[in-house]
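What follows is a set of notes on a single structure, which appears directly below.
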Amino acid sequence: MKKLPDIVSRQFGKSIKGLRVQLGLSQELFALKAGIDRSFVGKLERGERQATITTFIKVAAVLNVLPSELMKESLDQLYLDINDGDFNE
């Protein structure tokens with residue numbers, strides 16, 4: 001079973017990476033624009049780290065999306081996993 005925080009982190013990371021790639025941004029350029037370290041971007045995209053609210057807003061701004069849109073995919077996947085019983089706290 002998947003743990004709740006892991007699901008959210010992974011889905012959030014997939015959303016970030018997908019939007020970053022669509023914009024044609026390398027991790028390095030993305031990190032520079034967001035004011036964060038490139039290695040942190042990689043960890044964020046893999047779901048190994050979680051963003052603070054400040055970093056989350058910077059990331060959304062660089063991706064040119066509302067913060068709520070950025071979280072939508074993560075929250076939708078979490079909802080599906082909860083309904084499937086595929087998580088534990």
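No hydrogens, no waters, no symmetry mates; every other heavy atom, side chains included, goes into these values. Everything numeric here is computed off the predicted structure, so don't read it as measured data.
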Rounded to the nearest 0.5 Å, what's the gap from CG on Asp37 to NZ on Lys43? Could you check? 8.0 Å
Look at the side-chain heavy atoms of Ile, Leu, Val, Met, Phe, Trp and Tyr, link any pair under 4.5 Å apart, and say whether Leu23 and Ile57 land in one connected group. yes
Should Leu66 and Leu75 be regarded as members of a common hydrophobic cluster, given that ILVMFWY residues are connected when their side-chain heavy atoms come within less than 4.5 Å of each other, either directly or indirectly? no
Under 4.5 Å between side-chain heavy atoms, counting indirect links through other Ile/Leu/Val/Met/Phe/Trp/Tyr residues: same cluster for Ile16 and Val21 or not? no
Point-to-point distance, once rounded to the nearest 0.5 Å, from CZ of Arg49 to OG of Ser9: 10.5 Å
Sequence neighbours excluded, the answer for salt bridge (Lys or Arg N to Asp or Glu O under 4.0 Å) partners of Lys14 is none
Would you compute the distance between atom CZ of Phe30 and atom CG of Leu63 and round it to the nearest 0.5 angstrom? 4.5 Å
Heavy atoms of Gln27 and Gly42 approach each other most closely as NE2-CA, 3.5 Å
CD of Glu45 to CZ of Phe40, rounded to nearest 0.5 Å, is 11.0 Å
Side chains of Met71 and Val8 in contact at under 4.5 Å (non-hydrogen atoms): yes
For Leu44 and Gln50, the nearest pair of non-hydrogen atoms, with its separation, is CD1-C, 4.1 Å
Is any side-chain heavy atom of Tyr79 closer than 4.5 Å to one of Asp76? no
CD1-NZ distance between Ile36 and Lys58, expressed to the nearest 0.5 angstrom: 8.0 Å
